[in-house]
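Structure record follows, encoded as structure tokens.
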Amino acid sequence: MSDTNAQHLKWLREITALPTAAGREQRVIAWIRDWVSERKDLVLEEDEAGNLIIHRQDMVDDQGERPLYVTAHLDHPAFVVEERLDEGRVRLSFRGTVRDPYFTDGRINLFLDDGQVIPATIISTQNIEPLRQCEARLDMPYEVPLGTVGTWDLPDQHIDGEGVLHTNACDDLAAVAAALCAMDSLREQTKGQGIHVLLTRAEEVGFIGATASCKLGWIPKGAQMLTLENSRSFPDSPLGAGPIVRVGDKVSTFSPELTAAVAQVAADLTKSCQGFKYQRKLMPGGTCEATVFFSYGYDATCVCLPLGNYHNQGDLTRVELESPQQAAVGLEYISIADFNNLVKLLVRCGEHLSEASPYMKTIEMYYEQVGWVVERPAFDS
């Protein structure tokens, strides 16, 4: 493993281990602030909704006509303490989407700001709008502060023999890590358009941060939005086959010209970079922030990592089809090779995306070269 890949893996493991929830992303934000503070050539901004925007210092004021924004979200489905019922019980909201069977007698951990971890058991749950409500009994009496983040009680993070990272929250913290790795690699590049990084809040409860970034006008209207995600893997989108250039989700298809340009950069990488692989798929299983940006008039597309145990739901396909009684939470997992290839693709997009030819040029070339075949033959006259 190269020194660069080792450093990137370290950041990936650190970030994906941090407890986070929609509206309670402070631990991830603190990590990012420390990371940026060590790089004097980077500038960190925060909009009114608390979204983070990272620029290279020399690109803050001069972003060009078509700046490239790489985006990811800072939250993951998790619990937040809303009310202390007594010293032994708390009411929590669950901010995200997980199927009902996984909550039955679920074990969770509550992470206090002073480093303490308070274990608890879910004793009731109601899936009501806008947020699922749960009641939990603490293993020990404690006045847990309101706003405390809780996560599922999960095994230790680890890498298996197949090069797969099993960790707490790939969605979307692995994408946050990839965006930072790409930004770090592009800090000194002088060719291409470079990238800006937008890290949004509260995606898991309805794309709140992404929507706010559009409404607040912090992103230039001419920006190209390259959204990063971790999307549930299926047999036709397996781990290890490379990051996925996502042409759409269950709601929309993304900007065709930008999607084609990213795919072209990926195809060029397969020719010049040994071991690079990518996939190109619709991925209609869910909705991502690219749909939000596209709906607000931006050119937007998505690249995602194939993800196992989506939203910590172990053996999800089996649970959905036949065995809800066997539902058990587990670590999410991604291929480290896919992650490294995602970083390579983002770096190459920062260097060469503006050079990727729109398909219209190819269409016009065909017309110039062989348009003569539709000329009216002489015997028609």
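What you see is a predicted model; the values in this text were computed from it and never measured.
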Worked check of side-chain contact (heavy atoms from CB on, under 4.5 Å) between I122 and E135: CA-CA 6 Å; I122 298 171; E135 185 179 324; over 6 Å; no
Derivation and outcome, side-chain contact (heavy atoms from CB on, under 4.5 Å), residues T167 and Q157: CA-CA 5 Å; T167 187; Q157 181 192 83; 2.7 Å; yes
H352/D268 under side chain to side chain donor-acceptor pair (under 3.5 Å): CA gap, chis, key distance, verdict: CA-CA 10 Å; H352 296 291; D268 291 343; over 6 Å; no
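Residues passing the side-chain contact (heavy atoms from CB on, under 4.5 Å) test with I208 are A202, V205, sequence neighbours excluded. Residues satisfying the salt bridge (Lys or Arg N to Asp or Glu O under 4.0 Å) test with E83, not counting sequence neighbours, are R91. Every residue meeting the salt bridge (Lys or Arg N to Asp or Glu O under 4.0 Å) condition with R95, not counting sequence neighbours, appears here in chain and number order: E82. By the side-chain contact (heavy atoms from CB on, under 4.5 Å) test, Q326 pairs with R318, S323, sequence neighbours left out. Shown here are the side-chain contact (heavy atoms from CB on, under 4.5 Å) partners of A120, two or more places apart in sequence or in another chain: I108, A136, L138. With sequence neighbours excluded, the residues that form a side-chain contact (heavy atoms from CB on, under 4.5 Å) with D113 are Q26, R27. Qualifying ring-ring contact (aromatic ring centres under 6.0 Å, His included) partners for H166, counting only residues two or more places apart in sequence or in other chains: H158, Y333. With sequence neighbours left out, D86 forms a salt bridge (Lys or Arg N to Asp or Glu O under 4.0 Å) with R89. Judged as a ring-ring contact (aromatic ring centres under 6.0 Å, His included), and not counting sequence neighbours, the contacts of H196 are H55, Y69. Not counting sequence neighbours, the partners of N109 by the side chain to side chain donor-acceptor pair (under 3.5 Å) test are D153.
In terms of modelled atom types and a separation under 3.5 Å, the side chain of Y296 and the main chain of T291 share no donor-acceptor contact. One N or O on the side chain of K277 and one on the backbone of G240 form a donor-acceptor pair closer than 3.5 Å. A distance-only check finds a donor-acceptor pair linking the side chain of Q313 to the backbone of Y310 [under 3.5 Å].
With a 4.5 Å cut-off on side-chain heavy atoms, E46 and R33 count as touching. Residues L305 and S231 have side chains not in contact (no heavy-atom distance under 4.5 Å, counting atoms from C-beta outward). Side-chain contact between L199 and I32 is present, with heavy atoms from C-beta onward closer than 4.5 Å. Two residues are said to be in side-chain contact when any heavy atoms from C-beta on lie closer than 4.5 Å; M365 and E368 fail this criterion.
Residues F79 and W152 bring their aromatic ring centres within 6.0 Å.
At most 12 non-hydrogen atoms from other residues, nucleotides or ligands lie less than 6.0 angstrom from CD of E143. In this structure, D105 places its CG atom where only 12 or fewer heavy-atom neighbours from other residues, nucleotides or ligands lie under 6.0 Å away.
Salt bridge E320/R232: present, at least one basic N to carboxylate O contact under 4.0 Å. A salt bridge links D299 with R66: the closest approach of a Lys/Arg side-chain nitrogen to an acidic carboxylate oxygen falls below 4.0 angstrom.
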Scan the side chains in residues 176-184 for donor-acceptor partners under 3.5 Å anywhere in the protein, sequence neighbours excluded, and list what turns up.
residue : atom : partner : partner atom : Å
D184    : OD1  : R39     : NE           : 2.8
D184    : OD1  : R187    : NH1          : 2.9

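Partner D75 forms a side chain to side chain contact (heavy atoms under 4.5 Å, CB included) with one of R201, E25, R24 and no other, that one being E25.
Sequence neighbours left out, not one pair with a member in residues 228-285 passes ring pair (Phe, Tyr, Trp, His ring centres under 6.0 Å).
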